[in-house]
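What follows is a single structure, written as structure tokens, with notes after it.
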2 protein chains.
Amino acid sequence: MDQRRSPSASERKRDPERTRALLLEAAAAEFGAKGYAATRTTDIAARAGVNKQLISYYFGGKEGLYKELATSWHGTAAEMASPEQPLDTVLAGFVHTTLTDHGRLWAWSNLADDSPPTDEAFLRAQVEQMRERQNAGELPADLDPGFLLLALMAAASAPLTLRHTARQITGEDPATPEFATKYAEQLALLVRHLSGRT
Amino acid sequence: MDQRRSPSASERKRDPERTRALLLEAAAAEFGAKGYAATRTTDIAARAGVNKQLISYYFGGKEGLYKELATSWHGTAAEMASPEQPLDTVLAGFVHTTLTDHGRLWAWSNLADDSPPTDEAFLRAQVEQMRERQNAGELPADLDPGFLLLALMAAASAPLTLRHTARQITGEDPATPEFATKYAEQLALLVRHLSGRT
DNA sequence: CCGAGTTTCAACCGCTTGGTTGATTAAGTC
DNA sequence: GACTTAATCAACCAAGCGGTTGAAACTCGG
């Protein structure tokens, strides 16, 4: 399986792990760009630079590849769940994941009926964090923490979920780091108003 | 559906307008539920209760049907653009369009690369309205009105764009009128905090 | 350097897709 | 009531889909 040995490894001709990684990366890009249904396995293989049969060989087909991605996403989400950082930093991090292939994949899977990448633990932790921020006076206490989290997450992912609308409103391409940074700053200002401090 | 005609209309055998309407309605439901790529013309025809060839006959195919829907949506959006209503009312209206087939269609088209339903005039008017609300002290003036509008629209459509996430956070089905009402109330509270009034 | 096992690929397959065809039925006209 | 036009349908089709096959290319222990 994994003979990740030192010598002659740099330009190995056959390298299954590298092939797997290439396929996962390519699949994230394709699925993220067009959604599951519109994605062609041929395109994934072409982007990865390998034969399309390898999708079946390594992942058991298109769906297996998709599910592997959906689960691997959990890790990405969790590492962003900074425990006690200021809220605007957390939001900024969230805004920036908007630009990644995994972020786009997450948006697609939220709309579709298919298996949602259930990372309930992560979400529960985030709700709890909201409640703490409310207790600390950082956020208004009369709001339901769950709904508040939902609204903030949705607002943060606007460049992704409302991509065309965002472009029409601002005249800029929302899929750029510059846009994300600027938008995150505005969100920081917004939550500052929420906390009562002008 | 609506047989609003006087003579012998109740059970007409051939009725092209009715057929067109049935197809449009069915297409909105199917496209809204699964997105363009995953929708099968056979399913649309079956839901409408007509032969699938009529899609080509009346709309020139699947894509023509989709585009017809995308343009007809503009009207729906515009009528919601209430000129001088309180902001929370506007937001509540927006939250509730989340439940409609057209709303779901809008969400899908925002993610996809395909022709965005450009209703620029509507959006420009909304931005201008934001600016007025800022001048009136209803909203903080140090925020960019475009970004503010974007954030509020994204937050309002959270039950739609972050459907699974919303369900996991709240434990309820976000696609119900009850949820929309409750969520709209929370948003109203939120914007009240934004305006500075506790 | 050989043989066993792994990794890769070109070619192919059955199925589903969106769309078309040609015929059938109803409505309007004189 | 024959003729024309519009509306509807069942059957069919080429193209594209995801997936499989069987063998070639490679790696590595002996």
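Every heavy atom of this structure was used, including side-chain atoms; hydrogens, water molecules and symmetry mates were not.
The side chain of Q53(B) approaches dA10(D) more closely than any other nucleotide in the set dG18(C), dA10(D), dG18(D). For N51(B), whose side chain is taken as the heavy atoms from C-beta onward, the closest listed nucleotide among dT17(C), dT8(C), dC9(D) is dC9(D). Nearest nucleotide to the R40(B) side chain, out of dG19(D), dG18(C), dC9(D): dG18(C). Ranking dC9(C), dG19(D), dG18(D) by closeness to the S56(A) side chain, first place goes to dG19(D).
Residue E63(B) contributes atom CD, which lies 13 Å from atom P of dT20(C) at whole-angstrom precision. Rounding to whole angstrom units, CD of residue E30(A) and P of dC17(D) are separated by 12 Å. In this structure, CD1 of I44(A) is placed 11 Å from C1' of dG18(D), rounded to the nearest angstrom. A straight line from CZ of R18(A) to P of dC26(D) spans 16 Å, rounded to a whole angstrom. Following rounding to the nearest Å, F59(B) (CZ) and dT8(D) (P) show an atom-to-atom distance of 11 Å. Separating the CG atom of L65(B) from the P atom of dG18(C) is a distance of 12 Å, rounded to the nearest angstrom. One can place CD of E17(A) at 14 Å from C1' of dT6(C), the figure rounded to the nearest angstrom. Between K52(B) atom NZ and dT16(C) atom C1' there is a gap of 11 Å when expressed in whole angstrom units.
Under 4.0 angstrom from either OP1 or OP2 of dA7(D) there lies no side-chain N or O belonging to T19(B).
F94(B) and W106(B) have their aromatic ring centers within a separation under 6.0 angstrom.
Checking side-chain atoms of Q186(B) against main-chain N and O of L143(A) turns up no donor-acceptor pair under 3.5 Å. Using a distance-only test at 3.5 Å, with no hydrogens or angles considered, a donor-acceptor pair links the side chain of R104(B) to the main chain of L99(B).
Projected onto DNA chain D by closest heavy-atom contact, Y57(B) and Y36(A) fall at different nucleotides, the more 5' of which corresponds to Y57(B).
If you check every strand for non-hydrogen atoms under 4.0 Å, Y58(B) touches sugar and phosphate atoms only.
A cation-pi arrangement, defined by a distance under 6.0 Å to the six-membered ring centre and an angle within 45 degrees of its axis, is absent between K67(A) and F59(A).
Side-chain atoms of T170(A) and F179(A), non-hydrogen and from C-beta on, do get closer than 4.5 Å to each other.
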